[in-house]
Amino acid sequence: MEKRELICIGCPMGCPLTVTLDGGAVVTVQGNTCPRGDAYARREVTAPTRIVTTTVRVTGGTLPAVSCKTRSDIPKEKIFDVVRALKSVVVAAPVHIGQVLLPDAAGTGVDVVATKDVAEV
């Protein structure tokens, strides 16, 4: 049996969690004070995901770059693939919040969207 220690990020409580695994399968989750902690721990030790936030270059805009993020979580192991794909993305102003900057980022099925408006010069 393997034990992993985590801090829950499912709510503001930040509960210290202990996850017991047997052959990669979750046996128990201890330390959570709400159901979100149990769900977070199980997901984090079996199939961790993250939201990627970064910037993309803008041409012809009032700012040289626009902040962006993945529309939803992606598998943790795909983070660097998404960031590499975004290095070559350049968008023309105007850019609007929610605008898709990179569809299906790195084959994840998740779009990268703008999180800020950038006006045209």
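All figures in this text were calculated on a predicted structure; none of them were measured in a lab.
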Checking side chain to side chain contact (heavy atoms under 4.5 Å, CB included) for the pair Arg4/Thr18: CA distance, chi angles, key distance, verdict?
-> CA-CA 6 Å; Arg4 292 197 196 165; Thr18 302; over 6 Å; no
Evaluate the criterion side chain to side chain contact (heavy atoms under 4.5 Å, CB included) for residue pair Leu101 and Val66; output intermediate values, then yes/no.
-> CA-CA 10 Å; Leu101 305 177; Val66 63; 4.0 Å; yes
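Note on Leu6 and Ile9: same hydrophobic cluster, where clusters join Ile, Leu, Val, Met, Phe, Trp and Tyr whose side-chain heavy atoms are under 4.5 Å apart, directly or indirectly. Placement of Val56 and Ile74 within a single hydrophobic cluster is found when ILVMFWY residues are connected by side-chain heavy-atom separations under 4.5 Å, directly or transitively. The hydrophobic clustering, which links ILVMFWY residues whose side-chain heavy atoms are closer than 4.5 Å, places Val89 and Val110 together. Linking Ile, Leu, Val, Met, Phe, Trp and Tyr residues whenever their side-chain heavy atoms come within less than 4.5 Å places Ile79 and Val112 in a single cluster.
To the nearest 0.5 angstrom, Ile7 atom CD1 is 8.5 Å from Cys15 atom SG. Interatomic distance, NZ of Lys69 versus CD1 of Ile51, reported as 5.0 Å (0.5 Å rounding). Atom SG in Cys68 sits 13.0 Å away from atom CD1 in Ile97 (nearest 0.5 Å). In this structure, Met13 CE and Arg36 CZ are separated by 10.5 Å, a value rounded to the nearest 0.5 Å. Within the model, atoms CG of Leu17 and CZ of Arg42 stand 11.0 Å from one another, a figure rounded to the nearest 0.5 Å. A distance of 13.5 Å separates NZ of Lys78 from OG1 of Thr70, quoted to the nearest 0.5 Å.
Taking 4.5 Å as the limit, every side-chain heavy atom of Glu2 sits out of range of all side-chain heavy atoms of Thr20. Residues Val19 and Val26 are in side-chain contact: their nearest non-hydrogen atoms beyond the backbone lie under 4.5 Å apart. Annotation: side chain of Val95 is not in contact with side chain of Lys116 (no heavy-atom distance under 4.5 Å).
A salt bridge links Arg50 to Glu44: one of the charged nitrogens lies within less than 4.0 Å of a carboxylate oxygen. For Glu5 and Lys3, the salt-bridge test fails: no basic side-chain N is under 4.0 Å from an acidic carboxylate O.
A pairwise comparison of heavy atoms in Leu102 and Ala85 identifies CD2-CB, 3.9 Å as the closest pair. Residues Cys11 and Cys34 share a closest heavy-atom pair of SG-SG, 4.1 Å. Shortest non-hydrogen contact noted between Asp81 and Glu77 is OD2-O, 4.2 Å. Heavy-atom minimum distance, Cys8 versus Gly37: SG-CA, 3.6 Å. Residues Val29 and Ala41 come closest through the heavy atom pair CG1-CB, 3.7 Å. Between His96 and Asp117, the closest heavy-atom pair is CA-OD1, 3.0 Å.
Asp104 places a side-chain N or O within 3.5 Å of a backbone atom of Gly109 that can act as its donor or acceptor partner. With hydrogens and angles disregarded, no donor-acceptor distance shorter than 3.5 Å links the side chain of Asp111 to the backbone of Val113. Without hydrogens or angle criteria, Thr55 side chain to Ala65 main chain gives no donor-acceptor distance under 3.5 Å. For the pair Thr62 (side chain) and Val121 (backbone), a donor-acceptor distance under 3.5 Å is absent.
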